[in-house]
Colleague: 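The structure under discussion is supplied below as structure tokens; questions concerning it will follow.
A quick note: this is a predicted structure, and the numbers were derived from the prediction, not measured.
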Amino acid sequence: MTSNLSPLAKRDETDIANSELRDLDISIARYVLPRLKEFRKQTDRVPDNCLTMKEWTDILDKMIYAIDRVANGTEEDTPEYKTYVKAVWNNEQDIAYELERAHESLRPIQEGLDLFHKYYRNLWW
């Protein structure tokens, strides 16, 4: 009996490099990013009758931004986050303000990831 599975479907888990698993979030983001960018270019439908095409492409842009930051390891590469880390390293006593600004600087990334989660099942034509 022959199988109709593609070669990729036949891969077993032992074929996965440890480097892919060490930072699985980054590995997944690097896989998704070019596909999501191409989907954004080619999409001609919206997932919900309540969305306009402009709203949908704005949502896709937010997803792309967030996944790009994860894929490239630049999630925490903001001036606010760096200031917070520096305050921690220097054992500064009152870092609540820096912590709040650091979290705020990461909000667009979290928003994009939340949108990816919300619309994951709508990434098709």
Side-chain angles (χ1 to χ4, degrees):
M1 178 185 271
T2 60
S3 172
N4 292 330
L5 294 176
S6 72
L8 287 177
K10 291 180 185 178
R11 261 180 74 174
D12 79 31
E13 59 273 1
T14 60
D15 293 337
I16 299 170
N18 282 339
S19 61
E20 287 185 60
L21 301 175
R22 194 167 294 115
D23 291 312
L24 186 57
D25 58 336
I26 294 172
S27 297
I28 292 169
R30 286 179 178 164
Y31 179 84
V32 168
L33 183 59
R35 289 154 181 83
L36 191 57
K37 285 180 175 180
E38 190 61 30
F39 179 86
R40 192 320 191 164
K41 286 180 193 174
Q42 294 189 30
T43 194
D44 62 355
R45 58 168 287 282
V46 296
D48 186 305
N49 291 335
C50 298
L51 291 176
T52 66
M53 184 55 85
K54 168 82 169 96
E55 290 168 329
W56 178 227
T57 57
D58 287 349
I59 287 169
L60 290 170
D61 288 342
K62 288 177 181 181
M63 288 185 211
I64 290 167
Y65 172 79
I67 291 172
D68 184 273
R69 295 291 297 271
V70 173
N72 291 298
T74 59
E75 282 180 88
E76 297 168 349
D77 195 16
T78 66
E80 297 84 0
Y81 199 86
K82 289 177 181 178
T83 299
Y84 164 69
V85 170
K86 184 177 177 184
V88 170
W89 285 344
N90 291 332
N91 291 320
E92 293 179 18
Q93 298 299 312
D94 188 14
I95 61 171
Y97 175 72
E98 285 82 5
L99 178 61
E100 179 58 34
R101 290 189 62 209
H103 283 292
E104 193 62 36
S105 74
L106 302 179
R107 195 171 309 262
I109 297 166
Q110 189 59 54
E111 178 187 11
L113 295 174
D114 290 344
L115 289 168
F116 184 76
H117 172 258
K118 179 178 179 178
Y119 290 102
Y120 179 79
R121 301 287 296 175
N122 297 110
L123 297 174
W124 65 277
W125 287 306

Colleague: For Asp114, enumerate each residue passing the salt bridge (charged side-chain N to carboxylate O under 4.0 Å, His left out) test, keeping only those at least two apart in sequence or located in another chain.
Modeller: none
Colleague: Tell me which donor-acceptor pairs under 3.5 Å the side chains of residues 88-102 have, and how far apart each pair is, sequence neighbours excluded?
Modeller:
{"from": "Asn90", "atom 1": "ND2", "to": "Lys86", "atom 2": "O", "distance (Å)": "3.2"}
{"from": "Gln93", "atom 1": "NE2", "to": "Asn91", "atom 2": "O", "distance (Å)": "3.4"}

Colleague: Atom NZ in Lys82, atom CD in Glu80: separation rounded to 0.5 Å?
Modeller: 10.5 Å
Colleague: Quick one: side-chain hydrogen bond (donor to acceptor under 3.5 Å, both in side chains) partners of Arg107, sequence neighbours excluded?
Modeller: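 With sequence neighbours excluded, Arg107 shows a side-chain hydrogen bond (donor to acceptor under 3.5 Å, both in side chains) to Glu104, given in chain and number order.
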Colleague: What's the spacing between Leu33 CG and Ile26 CD1 if we round to 0.5 Å?
Modeller: 12.5 Å
Colleague: Do any side-chain atoms of residues 118-125 form donor-acceptor pairs under 3.5 angstrom with protein atoms, and if so which ones, sequence neighbours left out?
Modeller:
{"from": "Trp124", "atom 1": "NE1", "to": "Arg121", "atom 2": "O", "distance (Å)": "3.2"}

Colleague: Just by distance, do the side chain of Trp56 and the backbone of Pro47 share a donor-acceptor pair under 3.5 Å?
Modeller: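 Not at all, since once roles are kept as given, no pair shorter than 3.5 Å links the two residues.
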Colleague: Could you give the distance from CD1 (Ile67) to CG (Leu115), rounded to the nearest 0.5 Å?
Modeller: 10.0 Å
Colleague: Between Ala66 and Gly112, what is the shortest heavy-atom contact and its length?
Modeller: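 What the structure gives for the nearest pair is CB-CA, 3.7 Å.
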Colleague: Using the test side-chain hydrogen bond (donor to acceptor under 3.5 Å, both in side chains), find all partners of Thr74 that sit at least two apart in sequence or belong to another chain.
Modeller: Arg69
Colleague: How would you list, by chain and number, every residue that makes a side-chain hydrogen bond (donor to acceptor under 3.5 Å, both in side chains) with Lys41, sequence neighbours excluded?
Modeller: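 side-chain hydrogen bond (donor to acceptor under 3.5 Å, both in side chains) check on Lys41 returns nothing, list empty.
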Colleague: Between the side chain of Asp68 and the main-chain N/O of Ile64, is any donor-acceptor distance below 3.5 Å?
Modeller: no
Colleague: Can you check whether Phe39's main-chain N or O pairs, donor with acceptor, with Thr43's side chain at less than 3.5 Å?
Modeller: no
Colleague: Which heavy-atom pair separates Leu60 from Arg40 by the least distance, and what is that distance?
Modeller: CB-CG, 3.9 Å
Colleague: Minimum heavy-atom separation for Ala71 and Arg30, please, with both atom names.
Modeller: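 Nearest heavy atoms, Ala71 then Arg30: O-NE, 2.9 Å.
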Colleague: Hey, does Val46 have a side-chain heavy atom less than 4.5 Å from the side chain of Thr52?
Modeller: no
Colleague: When rounded to the nearest 0.5 angstrom, what distance separates NE2 in His103 from OH in Tyr84?
Modeller: 6.5 Å
Colleague: Are the side chains of Arg22 and Asn18 in contact, using a 4.5 Å heavy-atom criterion?
Modeller: yes
Colleague: Measuring from atom NZ of Lys54 to atom CD1 of Ile59, what distance do you get when rounded to the nearest 0.5 angstrom?
Modeller: 10.5 Å
Colleague: Scan Asp77, Thr83, Thr78 and name whichever one has a side-chain hydrogen bond (donor to acceptor under 3.5 Å, both in side chains) with Ser105.
Modeller: Thr78
